[in-house]
Amino acid sequence: MPRPPRMTPRRETMADDKKLTPRAEDFSAWYNQLVLRSELADHAPVKGSMVIRPWGYAIWENMQRALDDMFKATGHENAYFPLLIPMSFLEKEKAHIEGFKPELAVVTHAGGKELEEPLVVRPTSETVIMSMYAKWIQSYRDLPLLINQWANVVRWELRTRLFLRTSEFLWQEGHTVHATAEEAEEHTLRMLGVYRTFMEEWMAMPPVTGLKSDAEKFAGAVRSYSCEAMMQDNRALQAGTTHFLGQNFSKQFDLTFQTEEGKEEYGWNTSWGVSTRLVGALVMTHGDDQGLVLPPKLAPTQVIIVPILKGDDVGPVLAKAEALRSALEERDVRAKVDARDHLSPGNKFYEWERKGVPIRMEVGPKDMEKDQVVLVKRVRGEEEPRKEFLPEAEALATIPERLDAFQAQLLAAALARREENSHRGVKTIGELAEIVEGSGGYVYTGWSGDPAVEERIKEETKATLRCIPQEEFRSAEAPQKCIGGEGDATMEVVWARAY
RNA sequence: CGGGGCGUGGCUCAGUUCGGUAGAGCGCUGCGUUCGGGACGCAGAGGUCCCCGGUUCAAAUCCGGGCGCCCCGACCA
């Protein structure tokens, strides 16, 4: 038996063991170090795959819970479809297989023998799900069919980054069938709205939503829509997509139903997904040079209580810390006491700041004498005091609203940043290139719809057409001319360099 | 797959030019003093120097071959 190849773990350069590389110096190094040092994730033995560590997974679980509730509230049920899909299934939809072929992992051997037909490790599940739906749906009375699944998928990537692009990732994929095109398209937009709401209200990350160009749409879709979030380096991150699939898959899998009028028709499909990439988006939206910054609604721990243990009798302080924790728990605040006795308070402060906990509460002997506690917010404005000394009762009573305020503060900051880095009314490719190569950000221009212009801009500036924004994001004054220089603009579009 | 760089305690790296007892900082373990922003002292653990072969009295260091990883480019939730 051959020895397995030795796999050297990858490492990141850290000049100072204690500090992260500042964002301004090297954003990408900052990101990598933060993810590792905050214990969100680690590199796994197989290139491009990752381990999501407890702290990162707890964030994902909070995301899952919120999203799952929203899916249920819009009428969906969860189910589970298998990991392995016959190769022939993917090949049925021509654009689909063309799009995914380069990144498929294929199982060719099993049970000690070569398989008659190779099995694909799902890169997405449209095909296998449609094949099953075809069995289950007979009549318009069976529609709409609204199912979601939480699963892992594999897409063999050449260049990988923790959370942002790994060969295997966790996601949810919703797959629905509707009786009419209108209803399916409406549903596609409804789910786009659900994603947007989740990103704004839970992640404090305000995306620009819109329609994908044909060049950028999902392989097999008629139309794709996306949420484009702006990261702190002013690059765009596609954070969620929803697809109107038309009857493309239904036709290949013979998914038909009898209409009210008694005619046979192909079902109209949608699919939509968000992945653990959202954790990376969260990092790059709110993180600072100290580490992660978590919106309270997604923070596994919202308040970390650090007891100041000095002298011989630490019992009363620990008891007080525990009492505070349980008082917070009664107010539905996720609080935790860091009672470790081998670390100094300073060490704990840095650690929890690195992990992004929104509020720290300190309590020591001096506070107990005065019946007070110390509160420290993870991010504060220049005007705000570093530490707040508050009567215990007041601190406890106001923490829920402080968490809400912190959540709102993050959203406002992210929104302000997005707007500051949105450039409207840009008229030439030269101007676009200058912005993209300089500060970056979103560039709004007119477009004729000519794919040659899109291709040219991608070649020359590395910026891609992120989306044709939904109405509320469009400029007050609609652009008249196409950025390509020839022809009138038929729409306004957003360009940016993207992840 | 092209172009660059790198493989040495858990982590970051020095040592390689010019061969001669494997090192530092951080982390880890034990004891003590500490603890309100990364504490200190003492004692300790931890290494087939990526692998295989060659040269040599002697190889982390020189030579040959392999493997792996990182960064930049071509595909992408």
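For the numbers below, each heavy atom of this structure counts, side chains included, while hydrogens, waters and symmetry mates do not. Order of the sequence lines sets the chain letters (A, B, ...), proteins ahead of strands, with each chain counted from 1.
Nucleic acid contact class of A:Glu362 (heavy atoms, under 4.0 Å, all strands): base. Nucleic acid contact for A:Arg161: none, since no nucleic acid atom lies under 4.0 Å from a heavy atom of the residue. Residue-level contact check: A:Glu168 touches neither bases nor backbone, having no heavy atom under 4.0 Å from any strand. Residue contacts for A:Leu164: at a heavy-atom cut-off of 4.0 Å it reaches a base atom on one of the strands shown. Base contact: A:Gly364 has a heavy atom under 4.0 Å from a base atom. Contact annotation for A:Arg340: no contact, since no heavy-atom pair falls under 4.0 Å across all strands. As judged by a 4.0 angstrom heavy-atom cut-off over every strand, A:Ser224 is placed among residues making no nucleic acid contact. Within the 4.0 angstrom heavy-atom criterion, base atoms lie near A:Lys366. Within 4.0 Å of A:Val374, counting heavy atoms only, lies at least one base atom of the nucleic acid.
Between A:Trp272 and A:His76, the gap from one ring centroid to the other is short of 6.0 Å.
Checking the phosphate oxygens (OP1, OP2) of B:A39, a side-chain nitrogen or oxygen of A:Ser344 falls inside 4.0 Å. Listed pair A:Asn347 / B:G37 fails the phosphate criterion, with no side-chain N or O lying under 4.0 Å from OP1 or OP2.
Stacking annotation: A:Phe349 is not stacked on the base of B:G37 (requires ring centroids less than 5.5 angstrom apart and an interplanar angle below 30 degrees). In this pair, A:Trp171 does not lay its aromatic ring on the base of B:A77; centres under 5.5 Å and planes under 30 degrees do not both hold.
For A:Lys310, counting side-chain heavy atoms from C-beta on, the closest listed nucleotide (B:G37, B:C35, B:A77) is B:C35. When distances run from any side-chain atom of A:Gln238 to the nucleotides B:C72, B:A77, B:G37, the shortest one goes to B:A77. For A:Asp367, whose side chain is taken as the heavy atoms from C-beta onward, the closest listed nucleotide among B:C72, B:G36, B:A77 is B:G36.
At a cut-off of 3.5 Å, with distance as the only test, a side-chain donor of A:Ser125 or A:Gln149 sits close to an acceptor on the other residue. Between the side chains of A:Gln470 and A:Thr209, at least one donor N or O sits under 3.5 Å from an acceptor N or O. Side-chain contact annotation: A:Thr21 with A:Gln33, donor-acceptor N/O pair under 3.5 Å present.
As a whole-Å value, the separation of A:Lys348 NZ from B:A39 C1' is 14 Å. Counting to the nearest Å, the C1' atom of B:A77 and the OH atom of A:Tyr499 are 15 Å from each other. In this structure, A:Arg354 places its CZ atom 16 Å from P of B:C26, rounding to the nearest Å. B:C1 atom C1' lies 10 Å from atom CG of A:Leu158, rounded to whole Å. Note: CG (A:Asp341) to P (B:U33) measures 13 Å, nearest angstrom.
Both distances falling under 3.5 Å, in either a Watson-Crick or a G-U wobble arrangement, place B:C69 opposite B:G5. For B:A43, the paired base is B:U29 (Watson-Crick or G-U wobble, both distances below 3.5 Å). In this entry B:C18 has no Watson-Crick or G-U wobble partner, no candidate having both defining distances under 3.5 Å. Of all nucleotides present, none satisfies the Watson-Crick or G-U wobble test against B:U56 with each distance under 3.5 Å.
For the pair A:Lys377 and A:Phe406, the cation does not sit on the ring face, since its NZ or CZ is not both under 6.0 Å from the ring centre and inside 45° of the axis.
Contact detail for A:Tyr499 and A:Leu237: the closest heavy-atom pair is CB-CD1, 3.4 Å.
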